[in-house]
There are 2 protein chains.
Amino acid sequence: MMTKMIDVANFAGVSTATVSRVLANDPKVKEKTKQKVLKAVDELNYIPNSLARNFRKRSSKNILVVVPTIANPLYPTIISGIQSVAREHNYQVILGDISRNFETELAYLELIRDKAADGVILLAAELPTEEFIEAIKGLPVVLGYRNTVKEENLHSTEDKRGENKRINIFPTVNINNVKSVECVIDHLVQLGHKKIAFFNGPKNSIVSIDRLKGYKQGLVKNGCSFEPELIYYGDWTMNAGYELALELLQSGNDPTAIFTVNDETAVGAIKALKENGLRIPEDIAIVGFDNIELAKFVDPPLTTIAQPKFEFGVHAMELLLKVMNGETISQENIVLESHLIIRESCGSKIKGD
Amino acid sequence: MMTKMIDVANFAGVSTATVSRVLANDPKVKEKTKQKVLKAVDELNYIPNSLARNFRKRSSKNILVVVPTIANPLYPTIISGIQSVAREHNYQVILGDISRNFETELAYLELIRDKAADGVILLAAELPTEEFIEAIKGLPVVLGYRNTVKEENLHSTEDKRGENKRINIFPTVNINNVKSVECVIDHLVQLGHKKIAFFNGPKNSIVSIDRLKGYKQGLVKNGCSFEPELIYYGDWTMNAGYELALELLQSGNDPTAIFTVNDETAVGAIKALKENGLRIPEDIAIVGFDNIELAKFVDPPLTTIAQPKFEFGVHAMELLLKVMNGETISQENIVLESHLIIRESCGSKIKGD
DNA sequence: CTGTTAGCGCTTTCAT
DNA sequence: ATGAAAGCGCTAACAG
């Protein structure tokens, strides 16, 4: 019933080997033979069985993308970027949404071990444990948002040679979180703010750690004092932003500005602030991170850092292609540039004007 | 290097058939043999090659989910639902994001023809063409958001027997769009609104068509006049909502309320309305559809229809499982209930109070 | 209850 | 430039 390669071969009067070559675009086949085969393929409506092909070639043509949660609009855009290059190379994207249960992340690696996926892009950005590093060692993997961290942070029990070893012995793509946040602080200080709260993500996320570093450095650089009680930890959600703002309001700390680790946290915070009678930006300024589509539509429109989401995906997939191709044995680390988008959530004029 | 079944068999002193049976949990194997095999599997660190298995079983264990755009937060939630049951049955979900280019939808069906996917859930909700129907006929497919449409709408050239044929000879899952919108209109009329604009989706979307029907019926039922110039067509995005609201403002039509086809359209409209000095709900009421997470966080919090997104995915996948299992030859149509969530975007009191 | 064996449909040496 | 043929690793008759 299902026509197979041998049928095509018979119809065209050639061998299956030749049909296979034509389909693989082998330049060694004579043009005339090629036409005969193509005609037969067309005539018989032949569609190669990818199950057989994949089995033979030991490749699933699937790549796995693990995200913390697809509910964060950052990831769909990145995935689009990944898809766009994946499709060009005939890969399908399998989605691994771990709903922020990072323990389940490693379970997805099974897909590689059993050949159900040829490579993985891990976008989940928790602090890598030794177990994690051990697990991905040697696998065709690209890490997103996990940048270099010194070994001492890993609490390793054995530091054989005392050298300053770094964990990203894996290919990674990232944005310059530290610098981006410094830009935010620069901007805020320029507007007259000196007391800036930070609604961060979870403590154990590398992104949180890096953005905190940027926050600190930005403050110091601008001669502001760094006050740990101005740092709040959430979980990236609107809800967290809302709760954290409430907490801030209770605290008696009276920052004139808040920097939030992502736009969703900002949206939640804005709601709480407004509900408590604060005007934005007049009473308090706020700036987000990511520049999701919504940022433009909230009231007031959100000043934020735009990171190149689609490109992030493109780069990640291109890197993975290299890795799967064996091209990149050692690490390769891509760092993408972000930039500040100034809207209305911190006022366009110098504070106090 | 990679240990394979024969190695396990040798190690355990049995045949590959037995190993295969143990792995398939065949109850016919003696407990003792089973233990021996399991021990060998463990000892040798054996992981079955799913490529070989899939080839042999003629199944990819992939299911494809085609969405209009993953950027609409509705779909991630549905996909989560799909995943949750897919995973239980050892299926992986392949994501097909067509970025609203509905012409590309059919291209994804290739994945079934070449066995790269065992089944498809099509969530893209354009008006089905005859070509579309022809293309999916006989395939293991479940349609989401495409409900019954009479044949005359299809502009078929031949209506052999004049019978009232319906197109959903395919299994579908849907929500009751018509009734849901009627509820919205009821609510609005109860609040005193008589002139209600409708920011719809694209004309050729079934969802748009159904919601328009609900809008009309709701108006008629409540003794309001249906005015076609109060209907605006967009493309589901915040941007569309924004533009449409601007258009409405220019038009001189002065509705006291707007119903938008989805929450994102509502968010865009709210921005435009506010920018033009209108207060919501005092000057104009607005209600959305979907109840995405954001709905609660916009200012004012959005009254909207909550549809069971996760369950939608669960039902779709369960249906697909049946279809792939050959259980459902004829159609099966699941209709899920939605309900109105009252927040603040149309005021809690009777208009004029 | 277990083993033998014949493929699944394709790709890829190895010959020619 | 093409063909013959040997599998890839597993499952499923079938036989015992």
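Sequence lines set the chain letters: A, B, ... in the order given, protein chains first and strands last, and positions in each chain run from 1. Worth knowing before you read on, the calculation uses all heavy atoms, side chains too, and leaves out hydrogens, waters and symmetry mates. Owing to the predicted nature of the structure, the values given are computational and were not obtained by experimental measurement.
One N or O on the side chain of A:Arg58 and one on the backbone of A:Arg56 form a donor-acceptor pair closer than 3.5 Å.
In this structure, A:Met2 atom CE and C:dC8 atom P are separated by 15 Å, rounded to whole Å. In this entry the distance linking CD1 of B:Ile6 with P of C:dT2 reads 17 Å, nearest Å. Residue B:Lys34 contributes atom NZ, which lies 16 Å from atom C1' of C:dT2 at whole-angstrom precision. In this structure, B:Asn10 atom CG and D:dC10 atom P are separated by 13 Å, rounded to whole Å. Protein atom CG of B:Leu51 is 10 Å distant from nucleotide atom C1' of D:dG9, rounded to whole Å. Protein atom CG of A:Asn54 is 12 Å distant from nucleotide atom P of C:dC10, rounded to whole Å. Rounded to whole Å, atom C1' of D:dT11 lies 16 Å from atom NZ of B:Lys4. As rounded to whole Å, 8 Å separates atom C1' of C:dC8 from atom CZ of A:Phe55.
A donor N or O paired with an acceptor N or O is not found under 3.5 Å between the base of C:dG9 and the side-chain atoms of B:Arg58. For B:Arg56 and C:dG9, a side-chain-to-base donor-acceptor distance below 3.5 Å is absent, hydrogens and geometry of angles not being considered.
For the residue pair A:Ser60/A:Asp118, the side-chain donor-acceptor check at 3.5 Å is satisfied.
Residue order along DNA chain D, read from the 5' end via each residue's closest nucleotide, puts A:Gly13 first among B:Asn49 and A:Gly13.
When the side-chain nitrogen and oxygen atoms of A:Tyr46 are compared with OP1 and OP2 of C:dG9, none of them lie within a distance under 4.0 Å. For the OP1/OP2 pair of D:dG3 and a distance below 4.0 Å, the side-chain nitrogens and oxygens of A:Thr18 include at least one atom meeting the criterion. Between B:Arg53 and the phosphate of D:dT11, there is a side-chain N or O to OP1/OP2 separation shorter than 4.0 Å. Note on A:Lys57: every side-chain N or O is 4.0 Å or more away from OP1 and OP2 of C:dT11. Applying the 4.0 Å criterion to OP1 and OP2 of D:dA1, one finds that A:Lys30 has every side-chain N and O outside that range.
Note that B:Arg146 lies in the cation-pi zone of B:Phe132, set by a 6.0 Å cut-off to the ring centre and a 45° limit from the axis.
Listed candidates were C:dC1, C:dG9, C:dT11. Nearest to the side chain of B:Thr33 is C:dC1. Of the candidates C:dC10, D:dT11, D:dT2, C:dC10 carries the atom nearest the A:Ala52 side chain, counting heavy atoms from C-beta on.
At the heavy-atom level, A:Ser20 lies under 4.0 Å from base atoms of the strands shown. Residue B:Val14 is classed as a sugar-phosphate contact, given heavy-atom separations below 4.0 Å to backbone atoms only.
B:Tyr145 and B:Tyr75 have perpendicular rings, their planes meeting at more than 60° on a 0 to 90° scale where under 30° would count as parallel.
The pair A:Glu110-A:Arg113 fails the salt-bridge criterion, with no side-chain N (NZ, NE, NH1 or NH2) lying under 4.0 Å from an Asp/Glu carboxylate O.
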